[in-house]
Amino acid sequence: MQKFALFYGEALRRYAFPAGHPFRVERVERFWELVNKDGVANSEKVQVCEPVMAYESDVLSFHIPEYVDFVKKASQIGGGYLDRGDTPAFKGVYEASLYVVGTTLKALGMVMSNNASNAFNPIGGLHHAWRDRASGFCVFNDAAIAIMLAKTKYKLDRILYVDIDAHHGDGVFYEFYNDPEAFIVDIHEDGKLLFPGTGFEDEIGSGNAAGRKMNIVMAAGSGAEEFKKGFAKIIQFAEKAEPELILLQCGADGLAGDPITHLQYSPECHRFAAENLYSLSERFCKGKIVAMGGGGYNLDNVARAWLEIVRGLTH
Ligand SMILES: [Zn+2]
């Protein structure tokens, strides 16, 4: 029986910013405590897998060499910012970022080779990084790199990326805007109110990718009922995509009580998303889902939402 691959280890704890930053190491630690307490990490349906470092060549399948060199140098010096003030450099940030990417790619490899039913990298989903720059706590965009590898290494031409983080996943959405092989749907808080200020409903992709991108904008204060209504559009979009693989960025910052957003989701939303995508993946792609954590800055919310993702994808 194939098992769900749940990634955790010391190397994933390294991708965390210095004291006072919302993207802190306690996020993944709190999640890990809860999955252990719940028992799901020890269930016979779950295999716990070690993080893996990516090759630089994998990172270069998406990011430009000048940017990769910039991160490498900043990582040796270990100070200042990688962007205009959200994403600090620290000593070892380059290697920590390679572990995030490598782990998502390992998850992808296990799912594609049928060594896992599906998989979750809690520190993945760094969806704000662009080809040439860091942004919004994201250094290397593991989700975008996974799309690149799904295309080149696994020869897929119908890849579905679903993003339920409260923020618009601009680094994925716009970098694949003209790419007909990447079906991207992103439900997020209105960009007029929230970073990165993008992601509007008239953006549907261009050229032969027209109709293969979708933004679903949620007003501040939207809760579980609104999320489920929005998610019905995601299912319709996903059915038309007939995906060979599903990537899910399941940021937990849309839950009520998050310190940096204004949505009012509940952990039930994450369960709902995971279960619905699981059924869809069974219909179209033999259950192949790679989930990545994304944002979430209230520790209890992160742990509870991601536990529901694990439950929803393991059954
Ligand atoms: Zn976010």
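Heads up: numbering here begins at 1 and tracks the sequence. First listed ligand is number 1; within each ligand, the first listed atom is number 1.
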Enquirer: Which heavy atom of Ile246 sits nearest to which heavy atom of Pro243, and what is that distance?
Expert: CG1-CG, 4.0 Å
Enquirer: Angle at the Zn ion (ligand 1): provide the value between OD2 of Asp253 and OD1 of Asp165, rounding to 10 degrees.
Expert: 100°
Enquirer: Hey, is the Zn ion (ligand 1) within less than 2.8 Å of some N/O/S atom on His128?
Expert: no
Enquirer: Any pair with a residue in residues 31-51 that passes side chain to side chain donor-acceptor pair (under 3.5 Å), sequence neighbours left out, goes on the list, sorted by first then second residue, please.
Expert: Asp38-Arg311
Enquirer: Quick one: report the N, O or S atom of His167 that is nearest to the Zn ion (ligand 1).
Expert: ND1
Enquirer: Could you give the distance from NE2 (His167) to NE2 (His128), rounded to the nearest 0.5 Å?
Expert: 5.5 Å
Enquirer: With sequence neighbours left out, which residue pairs that include part of residues 233-246 fulfil the side chain to side chain donor-acceptor pair (under 3.5 Å) condition?
Expert: Glu239-Arg283
